[in-house]
Asker: 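Quick one: the structure is below, and I'll ask about it shortly.
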Amino acid sequence: MTAATTRGGTPWTPQFVEAINPKVCIGCGRCFKVCPRDVLTLVDRGEDDDTDDDDWDDEDAKAMMTVKDPMDCIGCGACGRTCPKGCFSFVAA
Ligand code: SF4
Ligand code: SF4
């Protein structure tokens, strides 16, 4: 596990982005805006030809956020805090 401290010396464990749930992401871009690193990228969903109920069904969500470069994540957690849909999962590494 990565050991870190705050500037004041308080122990702090970074939480690195692990995944973004594509079924609930609405492609709003909030997480992208707050990320201080080049970790996330918005991608086109393409055609949704699957009518299953467990698939994404928001007609406005034409794009979704994905993790482009997980190795550039510093584990700040800002993306998860700003996401209105609770898409993110994290792991301490
Ligand atoms: S935890 Fe921080 S650095 Fe990592 S993807 Fe989220 S906002 Fe970016
Ligand atoms: S903040 Fe959440 S809902 Fe918005 S694009 Fe990022 S992962 Fe998707």
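All values below were derived from every heavy atom in this structure, side-chain atoms included, with hydrogens, water molecules and symmetry-related copies excluded. Atoms within a ligand are numbered from 1 in the order they appear, just like the ligands themselves.
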Asker: Taking only residues two or more places apart in sequence or in another chain, which ones pass side chain to side chain donor-acceptor pair (under 3.5 Å) with Lys85?
Answerer: none
Asker: Atom 1 (S) of ligand 1: which protein heavy atom is closest, and how many Å away?
Answerer: Gly77 N, 3.1 Å
Asker: Going by atom type alone, with no hydrogens or angles, which donor-acceptor pairs under 3.5 Å involve a side-chain atom of residues 67-82 and a protein atom two or more places apart or on another chain?
Answerer:
from	atom 1	to	atom 2	distance (Å)
Lys68	NZ	Asp38	OD1	2.9
Lys68	NZ	Asp38	OD2	3.0
Asp69	OD1	Met71	N	3.3
Asp72	OD1	Arg37	NE	3.4
Asp72	OD1	Arg37	NH2	2.8
Asp72	OD2	Asp38	N	3.3
Arg81	NH2	Cys76	O	3.3

Asker: Hey, what do you get for NZ (Lys62) to CG (Asp44), rounding to the nearest 0.5 Å?
Answerer: 9.5 Å
Asker: Taking all non-hydrogen atoms of both residues, which atom of Pro84 and which atom of Arg30 are closest, and how far apart?
Answerer: CG-NH1, 3.5 Å
Asker: Does a side-chain heavy-atom distance below 4.5 Å link Met65 with Cys35?
Answerer: no
Asker: Nearest protein heavy atom to atom 5 (S) of ligand 1, by residue and atom, and its distance?
Answerer: Val39 CG1, 3.6 Å
Asker: State the atoms of ligand 2, each with its element, that fall below the 4.0 Å cut-off from a heavy-atom position in Pro84.
Answerer: 1 (S)
Asker: At what distance is the nearest protein heavy atom to atom 2 (Fe) of ligand 1, and which residue and atom is it?
Answerer: Cys76 SG, 2.2 Å
Asker: Which atoms of the protein, restricted to N, O or S, are nearer than 2.8 Å to atom 8 (Fe) of ligand 2?
Answerer: Cys25 SG
Asker: Should we count CZ of Phe90 as having more than 12 external heavy atoms under 6.0 Å?
Answerer: yes
Asker: Would you mind checking which non-hydrogen protein atom is closest to atom 7 (S) of ligand 2, with the distance to 0.1 Å?
Answerer: Phe88 CE1, 3.5 Å
Asker: Tell me: protein heavy atom nearest atom 4 (Fe) of ligand 1, and distance?
Answerer: Cys73 SG, 2.3 Å
Asker: Measure the CG-NZ distance between Leu40 and Lys33 for me, rounded to the nearest 0.5 Å.
Answerer: 13.5 Å
Asker: Within ligand 1, which atoms have a heavy atom of Ile74 less than 4.0 Å away?
Answerer: 3 (S)
Asker: At what distance, to the nearest 0.5 angstrom, does SG of Cys31 lie from CG of Leu42?
Answerer: 8.0 Å
Asker: Is Phe32 in contact with ligand 2, taking contact as a heavy-atom separation below 4.0 Å?
Answerer: no
Asker: Cut-off 3.5 Å, no hydrogens considered: what does the side-chain donor-acceptor table look like for residues 8-22, sequence neighbours left out?
Answerer:
from	atom 1	to	atom 2	distance (Å)
Asn21	OD1	Lys23	N	2.9

Asker: Tell me, which protein residue and heavy-atom name are nearest atom 8 (Fe) of ligand 1, and how many Å apart are they?
Answerer: Cys35 SG, 2.3 Å
Asker: Do you see an N/O/S atom of Cys79, backbone or side chain, under 2.8 Å from atom 6 (Fe) of ligand 1?
Answerer: yes
